[in-house]
Amino acid sequence: MNVIGLCGASGSGKTTLGEGLIRALKAQGCRVSVIKHAHKWFDIDRPGKDSFRHREAGAFEVLVANNHRLALMREFEMEADLSVHQLIAELSDLGAFGVEHWVIVEGFKHADLPKVEVWRAAHGAPAAYPNDPFVVAIARPAEDTVPHSTALPLLDLDDPASVADFLRSDPQRYGYRAPQQR
């Protein structure tokens, strides 16, 4: 499995780039999974549905599936701050079946994963790449110059297919290996 993080300021275009990367990688025959950190309370279920009623009754996990989709909802009895590595471990490794599998991680800006920083001059936010050794490239509008000189590749934020090509050009860099347990 190959893993790439998308980091950048809120509103910089991480989700839009992620959507474009999903489409581009799928068009190139890859499978894509996404891990997105949500900062606020969220729910994917609706009151009145059986699965909602089961969770409300106290089920730890509710798995809903049909021949098109599977959804697993897990309720934590106490707040649990899972690491990105624990979340990656929850995914199926499709690479084991000979399929090039990419995981796009959004919202874990301090993760120790290779990341593409999404940066816009108009946004006015400071760049992360000067202080983050895990940033491997910067995606920005083609007309934007970056605030600090760098040897990192500069990618066109508005051309997700070229970003996908860049990622696929060095698969060793993005091959995921879980950190060793201590």
Side-chain angles (χ1 to χ4, degrees), residues 1-44 81-95 99-179:
M1 137 182 349
N2 302 299
V3 178
I4 187 66
L6 300 179
C7 67
S10 178
S12 62
K14 297 180 300 292
T15 300
T16 301
L17 176 59
E19 289 172 322
L21 280 174
I22 293 166
R23 289 183 187 98
L25 290 166
K26 281 192 60 126
Q28 295 175 17
C30 303
R31 293 273 172 91
V32 182
S33 299
V34 175
I35 294 176
K36 168 75 172 110
H37 186 266
H39 293 284
K40 300 175 184 129
W41 176 257
F42 73 95
D43 202 340
I44 62 170
D81 190 15
L82 300 178
S83 75
V84 70
H85 300 290
Q86 290 168 309
L87 296 173
I88 291 169
E90 292 286 330
L91 298 175
S92 302
D93 183 4
L94 301 173
V99 176
E100 188 175 337
H101 182 196
W102 282 87
V103 178
I104 299 172
V105 176
E106 183 185 333
F108 290 85
K109 65 182 175 186
H110 299 296
D112 55 347
L113 299 169
K115 293 176 271 213
V116 171
E117 179 172 0
V118 177
W119 188 83
R120 293 178 183 274
H123 202 275
Y129 67 88
N131 301 310
D132 186 344
F134 294 99
V135 173
V136 297
I138 303 160
R140 82 297 177 238
E143 67 276 2
D144 281 3
T145 57
V146 293
H148 308 280
S149 64
T150 182
L152 292 172
L154 301 177
L155 308 174
D156 185 349
L157 179 59
D158 300 316
D159 186 3
S162 69
V163 177
D165 290 341
F166 167 79
L167 295 174
R168 293 188 73 212
S169 72
D170 188 2
Q172 294 297 95
R173 170 177 261 170
Y174 308 104
Y176 183 73
R177 288 163 212 73

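Side chains are part of it too, since the values below use all heavy atoms of this structure and drop only hydrogens, waters and symmetry mates.
Here the two rings, on Tyr176 and His85, have centers that are under 6.0 Å apart.
Atoms CG and CZ, on Leu21 and Phe166 in that order, are 11.5 Å from each other to the nearest 0.5 Å. The structure places CG of Leu6 at 8.5 Å from OG1 of Thr15, a figure rounded to the nearest 0.5 Å. Atom CG in Leu157 sits 8.0 Å away from atom OG1 in Thr16 (nearest 0.5 Å). Distance CD1/Ile4 to CZ/Arg173: 8.5 Å, rounded to 0.5 Å. Between Ser83 atom OG and His110 atom NE2 the span is 14.5 Å, to the nearest 0.5 Å. The line from CD1 of Ile88 to OG of Ser33 is 10.5 Å long, rounded to the nearest 0.5 Å.
Using a distance-only test at 3.5 Å, with no hydrogens or angles considered, no donor-acceptor pair links the side chain of Arg140 to the main chain of Val146. In this structure, the side chain of Glu90 does not engage the main chain of Leu87 through any donor-acceptor pair within 3.5 Å. A donor-acceptor pair under 3.5 Å is absent between the side-chain atoms of Glu117 and the main chain of Ile138, judged by distance alone.
You'll find the side chain of Asp112 reaches within 4.5 Å of the side chain of Phe134, heavy atoms only. Residues Trp119 and Ser12 have side chains not in contact (no heavy-atom distance under 4.5 Å, counting atoms from C-beta outward). Considering only heavy atoms from C-beta on, Pro160 comes within 4.5 Å of Leu17 through its side chain. Inter-residue side-chain proximity for Val135 and Val116 is flagged as unmet; no heavy-atom pair is nearer than 4.5 Å.
Between Arg168 and Glu100 there is a salt bridge, with a side-chain nitrogen of the basic residue lying less than 4.0 Å from a carboxylate oxygen of the acidic one.
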Exercise for review: Mind running side chain to side chain contact (heavy atoms under 4.5 Å, CB included) on Asn2 and Val103 for me, showing each step along the way?
Suggested key: CA-CA 6 Å; Asn2 302 299; Val103 178; over 6 Å; no

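Minimum interatomic distance between Ala111 and Val84 (heavy atoms only, all atoms of both residues): CB-CG1, 3.8 Å. The nearest pair of heavy atoms linking Ala164 to Leu25 is CB-CD2, 3.9 Å. Of all heavy-atom pairs spanning Ser162 and Asp156, the tightest one is OG-O, 4.4 Å. Residues Ala9 and Lys14 share a closest heavy-atom pair of O-NZ, 3.0 Å. Here the shortest heavy-atom pairing between Tyr129 and Ala127 reads CE2-CB, 3.4 Å. Considering every non-hydrogen atom in both Phe108 and His37, the closest pair reads CE1-CB, 3.4 Å.
In this structure, the salt bridge (Lys or Arg N to Asp or Glu O under 4.0 Å) partners of Lys115, at least two apart in sequence or on a different chain, are Asp132.
Around atom CZ of Arg31, no more than 12 heavy atoms belonging to other residues, nucleotides or ligands sit under 6.0 Å away.
Ring geometry for Trp102 against Tyr174 counts as tilted: the plane angle lies between 30° and 60°, on a 0 to 90° scale.
Within the structure, the side chain to side chain donor-acceptor pair (under 3.5 Å) test picks out no pair touching residues 143-155 (sequence neighbours left out).
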